[in-house]
Every structure is written in C-alpha cells, then in structure tokens.
Amino acid sequence: MGAQPYYGPDFDLLRRQDPELAQVLLDELERLRGGLQLIASENFTSPAVLAALGSTLTNKYAEGYPGRRYYGGCEVVDRAERIATERARRLFGADHANVQPHSGASANLAAYAALLQPGDTMLAMALSHGGHLTHGSKVNFSGRWFDVVSYGVRRDTELVDYDEVRDLALRHQPKVIVCGATSYPRLLDYAVFRGIADEVGAWLMADIAHPAGLMAAGVVPSAVPYADVVTFTTHKTLRGPRGGGILCTEELAARVDRAVFPFVQGGPLMHAVAAKAVAFGEALRPEFAAYARRVVANARALCDALAAADMRPVSGGTDTHLALIDLRGLGVSGAEAERRCAAAGITLNRNAIPYDPEPPAVTSGLRVGTPCVTTQGMGPEELKEVGTLVAEAVRNPGGAGDVRERVTALLTIHRPYLSEY
Ligand code: DSN
C-alpha cells in the first residue's frame, strides 16, 4: 500500500459535518500536491505544526503575557507561550523574544511602535528594489505615519549601495534604520548597517522575515548580534505556522512587549503560538540545519539552470533561498510569465526587478524560491530540471502540456504531505 496523503486533523469529521468547506481543504491540498510550488515566501508545515494549529488552544483568550494575563484559566496556554519564547530565544541566540505577532506586518508595526513616534524619520529599502510594503511604502501605514527615506541597489551591481545608505543616514538622521528585504537574493552586511546606525545614533531594525529559517540554522550570517530589534515570520524558510515574532535586546524587551500588547494587538492566537513552539522545536534539530543547507544549494541549482536558459538572475545569482529573474531579454512580462508557468503547473510570482520599467501589476521579473520543493525532498539535480521546466514554460507557452507532464513526473516521486518530516 502506498503512503496516504495527510489531510489535516480530523479531516473526516469535517467532511461529514461540512462537506462544502471540506472540499475547499481537499482541493487546496490537491492544488499544492499537483504542482510545483516555487513561491519564495511559502513552505509546507509539518503535520505536527498543523495538529497544534487545529487544537483547542484556539478557544482561549489570553491578553497579556504568561503569569500576567487579563483572563482566568490561562495557566495551560501560559506553558505553550513560555515554551515558544524560550525556544525562539535559543534558536536565534536572542536576549528576548515576543511570539505573539499575528504576522510579519504586525511584527513590524509593533517594532516601529516600540521605537518611533508618528512623524519620525526612518530609513529603509525601497519596495521597488526588494524591500517590503511595511518598510515605508506610501500605500502602507509605514509610509503614511513616518517620514520615510528609501535606499536601493546600485544599477550596475544590483547590490545594496552601502555608501548611499550611509550618505542618506548622515543627511536625514533617521531614528530607525531598517535592513531586510523580500526579493533580495544576496546576503546583507549587518555589521555595516550597525556601523552606520551607530554613526548617526539610530536604532537598527532587521526584518528577517525571509531568511529567518536560514539564520536559525546557521546557514547564513545572523542579524541578531547586530540589530537592536529583529522581526521575523514563522511561515517562510522557518517552516512554521503563518505568523510573526520579534527578537530584541534586554534593554528594549519591555518596550517591545508593550508595543505588541496592548498597543498593536489584543488577544494572542494561542493555537498559533503553540504551533510556533512546535516549529521552533523542529528548527532546533540537526535535520533542520541540513534542510536549510539544501534550500540554499537548491536555489543555486535552480538559479544556474535559469541562467543557462538566458533567464538572467538579478545580481548574477543567489546566496539564499530565492532568485529574482530579469525577463526583459525574453520580451515576456512578469505577469505573462506567471500565467504561462501556472498553465504548466508551476506556481510562482511576478516581481519587480530593480529599476523596473513596468508597473508593479505587470513587472519585468519573476521571483522563485526553494523552501517548498526542498521540504518535499528535492535536491539540486531535481532543481536543475525545475529550472529547465520554468524556462520552457516561460519561453514556449504552446508546450505547457508537455511541461505539465514532466512536472507531474517529478511530483510522483516528491509529494508533500505523504509522510512525516
Ligand atoms: N508577501 C510576502 C512575500 O511574498 O515576500 C512578504 O510579506
């Protein structure tokens, strides 16, 4: 008998009680098992994480922190939060951890609330060069409530221009400097950012939403020793439930905790906190370090295969879990390439490249990442084939059926949710 797919806790019960919604869960499972998932910010949690998410801890109101809640009956969920906090501190070598933020955006909002007042100046990477909405985009609270100065990458190297960061910091005297990105394939030099922050007397905040799992595993240099505050997500390379977290120095612990609750959030999602604890526990194991090493090796293999097919990697390659591909040489927009890949069973996202002439809804680029395919057991050899398949799907939309068959062949061997991790 072959391995049985894992449908989530008590799927049969849900199917009996609410077949309509059960079908949605089933269809989503089939969608993700039936195609290649190359979205750099996604991953497949373990069944143990899903079990914690589907638990009765979702019922509990627990505003406050362990031992000082505003509701009775919190003695059990307190244990979950203490375990999560302790594991997060150990995983990242941080003085203090807050595991309550509902998301990376909530974590950033709380971090700003801990360090800034409305109208204060912050310096962060432009969204159009790889930053994040919450790093000062005009359509986000960060761009509306703060005086935002943005830095970017150099046109020639497509790498962060540290001279520009320093010049802007000296000129604008920001109260916070933010380092971190969502589509920057290279490592950031946190020591240089620390030096600039010290020179102008700014707080240094690192948003490690993307590489958190790689840093936890020690596969890329950590921002934790350098930054005053580190925000992260738990669902990307870290492979936990959807959520956020904050690490900080002892000096800022009380300010960060007050910023998360009661300033930004009310009751924490205790089932999510418990699931974060499970994921941190998994990430503390040696197998996770091996996984994270493979994520990076796989991203390199994928990037090389795309480059060999004339799909130019921005900055010439990758040091992380993701690559950003400039499609201008092919004359295909990011939006069109995303559609062509979808038709061939490959899920990825269009993405602006630095100095992109196209608007954000169209773009000239694609972002690809390897957290999901690595979790389902693929290695560099398979990622070479994945690169070839992406290139063929983008270059030859008429051949989508053929590409889809080859995707299916790969997935026959490597399927998510067929076994425990
Ligand atoms: N949307 C996330 C990403 O895909 O990188 C960031 O919030």
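When a ligand or atom number is given, it counts from 1 through the structure's own listing order. We count residues from 1, following the sequence as given.
Near His132, meaning under 4.0 Å from any of its heavy atoms, are these atoms of ligand 1: 6 (C), 7 (O). Here is the list of ligand 1 atoms found below 4.0 Å of a heavy atom in His210: 3 (C), 5 (O).
Considering Ala105, Ser41, Gly369, Ala181 only, the shortest heavy-atom separation from atom 3 (C) of ligand 1 involves Ser41.
Arg367 and Thr182 are not linked by any side-chain donor-acceptor pair at a separation below 3.5 angstrom, with hydrogens and angles left out of the test. Defined by atom type and a distance below 3.5 Å, a donor-acceptor pair is missing between the side-chain atoms of Tyr112 and Asp120. In the model, Arg186 has a side-chain atom that pairs as donor or acceptor with a side-chain atom of Ser315 under 3.5 Å.
Heavy atoms of Arg367 found under 4.0 angstrom from ligand 1 belong exclusively to the side chain.
Not one N or O of Thr182 is nearer than 3.5 Å to an N or O of ligand 1, by distance alone.
Cation-pi contact between Arg239 and Tyr291: present, with separation from the ring centre below 6.0 Å and deviation from the ring axis of at most 45°.
Under the 4.0 Å distance rule, the nearest protein heavy atom to atom 1 (N) of ligand 1 falls outside the cut-off.
The side-chain hydrogen bond (donor to acceptor under 3.5 Å, both in side chains) with Asp207 is formed by just one residue from the set Thr233, Asn108, Thr134; it is Asn108.
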